[in-house]
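Below is one structure; the comments refer to it alone.
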Amino acid sequence: QVQLVESGGGLVQAGGSLRLSCLTSGRAFGTVIMGWFRQAPGKDREFVATISQSGGRTFYDDSVKGRFTISRDNAKNTVYLQMNSLKPEDTAVYYCAVQTGGEGYTLARNYGYWGQGTQVTVSS
């Protein structure tokens, strides 16, 4: 059984920063691609960022490119999302997930394990 636990969400003013963490267990962490997604009220879950098994390759949605950084520490079974220059439109529940198959790392259906989510609220 794979478990993912996100933390680090909260309320922040526009322009501020937050760092999300996602601790995983139950699977060889260093062998899986990890992703961050988010879901705002009334909207579909959307891709934010993904990182390769070693951490050497990353990919971002255009809406967060240059502001967010995904990283991982395989020794700690943890993936991070550093979020800078936050905007009110970044407000959402943020989820980390384990990619389990399929083509395309931006598609939520290709991620088979999910955390419970952490709320990020950015005030204007």
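None of these values were measured; they are calculated from a predicted model. Along the sequence shown, residues are numbered consecutively beginning with 1.
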Under the disulfide bond (SG atoms under 2.5 Å apart) definition, can you give me all pairs with a residue in residues 33-91, not counting sequence neighbours? none
By side-chain contact (heavy atoms from CB on, under 4.5 Å) - contacts of S25 (at least two apart): Q3
Within a strict 4.5 Å, meaning less than it, do heavy atoms of the M34 and T24 side chains meet? yes
Run the side-chain contact (heavy atoms from CB on, under 4.5 Å) test against Q53 and tell me which residues pass, sequence neighbours left out. I33
For T78 versus S21, what's the shortest heavy-atom pair and its separation? CG2-CB, 4.3 Å
Non-neighbouring partners of K43 that pass salt bridge (Lys or Arg N to Asp or Glu O under 4.0 Å), sequence neighbours left out: none
Is the side chain of T121 donor-acceptor paired with the backbone N or O of L11 at a distance under 3.5 Å, no angle test? no
Flag the pair D61 / V48 as yes when at least one side-chain heavy-atom distance between them is below 4.5 Å, and no otherwise. no
Taking all atoms of both residues into account, what is the closest heavy-atom pair of A92 and A40, and its distance? CB-N, 3.8 Å
Is it the case that one hydrophobic cluster holds both V32 and V2, taking links as side-chain heavy atoms less than 4.5 Å apart, direct or via other members? yes
Closest heavy-atom pair, L4 versus Q116, reported as atoms and distance to 0.1 Å, is O-OE1, 3.5 Å
Could you pull out all residues at least two apart from E89 that satisfy side-chain contact (heavy atoms from CB on, under 4.5 Å)? K87
For N84, all residues meeting side-chain hydrogen bond (donor to acceptor under 3.5 Å, both in side chains), sequence neighbours excluded: S17, Q82
Distance-only donor-acceptor pairs under 3.5 Å for side chains of residues 94-106, two or more places apart:
residue : atom : partner : partner atom : Å
Y94     : OH   : R38     : NH1          : 2.9
Y94     : OH   : D90     : O            : 2.6
T100    : OG1  : G112    : N            : 3.0

Listed by chain and number, what are the side-chain contact (heavy atoms from CB on, under 4.5 Å) partners of S71, not counting sequence neighbours? Y80
Listed once per pair and sorted, the ring-ring contact (aromatic ring centres under 6.0 Å, His included) pairs that draw on residues 8-38, sequence neighbours left out: F37-F47, F37-Y111, F37-W114
Taking all atoms of both residues into account, what is the closest heavy-atom pair of P88 and A14, and its distance? CD-CB, 4.1 Å
Closest non-hydrogen contact found for K76 with L23 is O-CD1, 3.4 Å
Is there a path from V93 to L18 through hydrophobic residues (I, L, V, M, F, W, Y) whose side chains come within less than 4.5 Å of each other? no
Got a second to check how far Q13's CD is from S123's OG, nearest 0.5 Å? 5.0 Å
Does T69 form a side-chain contact (heavy atoms from CB on, under 4.5 Å) with T58? I'd like the steps, not just the answer. CA-CA 9 Å; T69 303; T58 58; over 6 Å; no
Cluster link F59 to I70, ILVMFWY, side chain under 4.5 Å: no
Rounded to the nearest 0.5 Å, what separates atom OG1 in T50 from atom OH in Y60? 10.0 Å
If you measure from CD on Q119 to CD on Q39, what distance do you get to the nearest 0.5 Å? 11.0 Å
D62 meets the salt bridge (Lys or Arg N to Asp or Glu O under 4.0 Å) criterion, sequence neighbours left out, with K65
What are the two closest heavy atoms between R67 and L86, and how far apart are they? NH1-CA, 3.9 Å
Excluding L107, membership of its hydrophobic cluster (Ile, Leu, Val, Met, Phe, Trp, Tyr; side-chain heavy atoms within less than 4.5 Å) reads none
